[in-house]
Amino acid sequence: MILSIESSCDDSSIAVTDINSKQLVFHKKISQEIDHSVYGGVVPELAARLHAEALPKILEEASIYFNQLKAIAVTTHPGLSVTLTEGVVMAKALSIFLKIPLIGVNHLKGHIYSLFINKEAVFPMTILLVSGGHTQVIEAKSHDNMKIAMSTGDDSFGESFDKVSKMLHLGYPGGPIIEAMAKNGNANCFAFPVPLYNSNRLEFSYSGLKNAVKIKIDSIDELKENDVFNICASFQKTAISHVSHKLKQYFKTTKPQNFAIVGGASANMSLRTELEILAKNFLAPMFVADLNYCSDNAAMIGRCAIEEYKNNNFTDIHNLTIKTNAEGCL
Ligand code: KG4
Ligand code: ZN
């Protein structure tokens, strides 16, 4: 079995996965969302302190598997340096104590493996990764051959939900809150411009949409509950139209064989529905992760680590470090 640790942002999580059967044996996550909500976003120092409290508690529960472990896996990048460090320090201590090797895992590659928890992996796969930090299209031909084909020039999809939620004083994380509010609103009430609609540029962009929403909010003298519902619905519709439109342009140049959506924001049901229609038009089956594994978790890190273990891809304790500047690496 492999014990995996995830602490790249605001979720403390540990999992134990069986190497041969790929079955998840143990999985626990303590989320810090409520602690950061008052600040409207993640406060790195607070996040690190909360990881230092939560990770040992979870580890204690996972300790019944210690004598069956063959390796320790940990997220090394990308993420917040102070929070990644919490996981890496714990992983190194375990590696010394149990005399087993270390596996450093790329968090984004981990998100891809959220699709394959308790399962065999499927490749080739064209993947839309929509999280708080990233909006990317990844062409994954195999575990060792993954390339970023498209990304955002500014804000990410999830980040735009977080920022709009903050503007409306609705709390953090914005994604699930905005999605719930949007259900009560009219998505055609405000015509926000779809970013880069008339451009062939294969790139995402969310800062313009975010500013358009800000201008609309500022123009309303006294925001009523109904205005908030309508803003959320109209914003969400435009944000999803942008992803869908850009993906359609991309699929015309590179037809997907299999298509998947991963990352925290892949839990959004309107996004899933719209992209399901798009994938169908291009005759590609669409894969999504179980809702339990869309946001950050150690189960996906452990599942990804099995592939590294099979490749003997271990990292020496002295070389296992967090990578703060790891954009574009897969
Ligand atoms: O993957 P994740 O847990 O953390 C990162 O690696 O960033 O993604 C968190 C992001 C947040 O920005 C959150 O607002 C967004 O995913 N999110 C959503 C939804 N659920 C989470 N965005 C839109 N709709 C949702 N239902
Ligand atoms: Zn993530």
How long is the gap from CZ on F190 to CD1 on I231, to the nearest 0.5 Å? 5.0 Å

According to side chain to side chain donor-acceptor pair (under 3.5 Å), who are the partners of N188, at least two apart in sequence or on a separate chain? K237

Got a sec, which residues hit side chain to side chain contact (heavy atoms under 4.5 Å, CB included) with [X], two or more places apart in sequence or on another chain?
X    : answer
K70  : I19, Y309
I277 : N281
K147 : N145
P285 : N258, F287

Which pair of heavy atoms, one from [X] and one from [Y], lies closest together, and at what distance?
X    : Y    : value
L115 : V288 : CD2-C, 3.7 Å
A149 : E139 : CB-CG, 4.1 Å
L50  : S12  : O-OG, 4.3 Å
L278 : F251 : CD2-CE1, 3.8 Å
P193 : L209 : O-CD1, 4.2 Å
M125 : I127 : CG-CG1, 3.4 Å

Answer yes or no: is there a donor N or O on one side and an acceptor on the other, between the side chain of [X] and the main chain of [Y], under 3.5 Å?
X    : Y    : result
S156 : G132 : yes
T273 : M269 : yes
S21  : Q23  : yes
E308 : A305 : no
S95  : L102 : no

Could you walk me through whether V137 and I148 pass the side chain to side chain contact (heavy atoms under 4.5 Å, CB included) check? CA-CA 6 Å; V137 174; I148 297 167; over 6 Å; no

Side chains of [X] and [Y]: donor-acceptor distance under 3.5 Å anywhere?
X    : Y    : value
Q249 : K246 : yes
Q136 : S151 : no
S13  : N297 : no
D162 : S165 : no
Q236 : N268 : yes

Please identify each residue that fulfils salt bridge (charged side-chain N to carboxylate O under 4.0 Å, His left out) with [X], with sequence neighbours left out.
X    : result
K214 : D218
D11  : K29
E61  : K28

Under 6.0 Å between ring centres: does that hold for F161 and F235? yes

Show me the donor-acceptor pairs within less than 3.5 Å that the side chains of residues 33-47 make with the rest of the protein, sequence neighbours left out.
| unit_1 | atom_1 | unit_2 | atom_2 | d |
| --- | --- | --- | --- | --- |
| H36 | ND1 | V43 | N | 3.1 |
| H36 | NE2 | Q32 | OE1 | 2.8 |
| S37 | OG | Y172 | N | 3.4 |

What side chain to side chain donor-acceptor pair (under 3.5 Å) pairs are there with at least one residue in residues 219-235, not counting sequence neighbours? none

Side chain to side chain donor-acceptor pair (under 3.5 Å) pairs, two or more places apart, involving residues 111-123: K22-E120, H107-H111, H111-D296, Y113-H143

Is the count of non-hydrogen atoms from other residues, nucleotides or ligands lying under 6.0 Å from K92 atom NZ greater than 12? yes

Please say whether more than 12 non-hydrogen atoms of neighbouring residues, nucleotides or ligands are located less than 6.0 Å from NZ in K248. no

Full working for ring-ring contact (aromatic ring centres under 6.0 Å, His included) between H27 and Y293: CA-CA 11 Å; H27 182 221; Y293 307 123; 5.7 Å; yes

Check step by step if side chain to side chain contact (heavy atoms under 4.5 Å, CB included) holds for L55 and I14. CA-CA 7 Å; L55 286 173; I14 293 179; 4.1 Å; yes

Does T17 form a side chain to side chain contact (heavy atoms under 4.5 Å, CB included) with V25? I'd like the steps, not just the answer. CA-CA 5 Å; T17 313; V25 177; 6.0 Å; no

Does K210 reach the side chain of M167, with side-chain heavy atoms less than 4.5 Å apart? yes

Hey, does N20 have a side-chain heavy atom less than 4.5 Å from the side chain of D18? yes

Count I, L, V, M, F, W, Y as connected when their side-chain heavy atoms are under 4.5 Å apart, and connections chain through other members. Are Y197 and L247 then in the same cluster? no

All N/O donor-acceptor pairs, side-chain side in residues 78-89, below 3.5 Å, sequence neighbours left out:
| unit_1 | atom_1 | unit_2 | atom_2 | d |
| --- | --- | --- | --- | --- |
| T83 | OG1 | S7 | O | 2.9 |
| T83 | OG1 | S8 | O | 3.0 |
| T83 | OG1 | L80 | O | 3.1 |
| T85 | OG1 | S81 | O | 2.7 |

Under the side chain to side chain contact (heavy atoms under 4.5 Å, CB included) rule, what do F259 and I261 come out as? Steps first, then yes or no, please. CA-CA 7 Å; F259 173 63; I261 329 173; 4.1 Å; yes

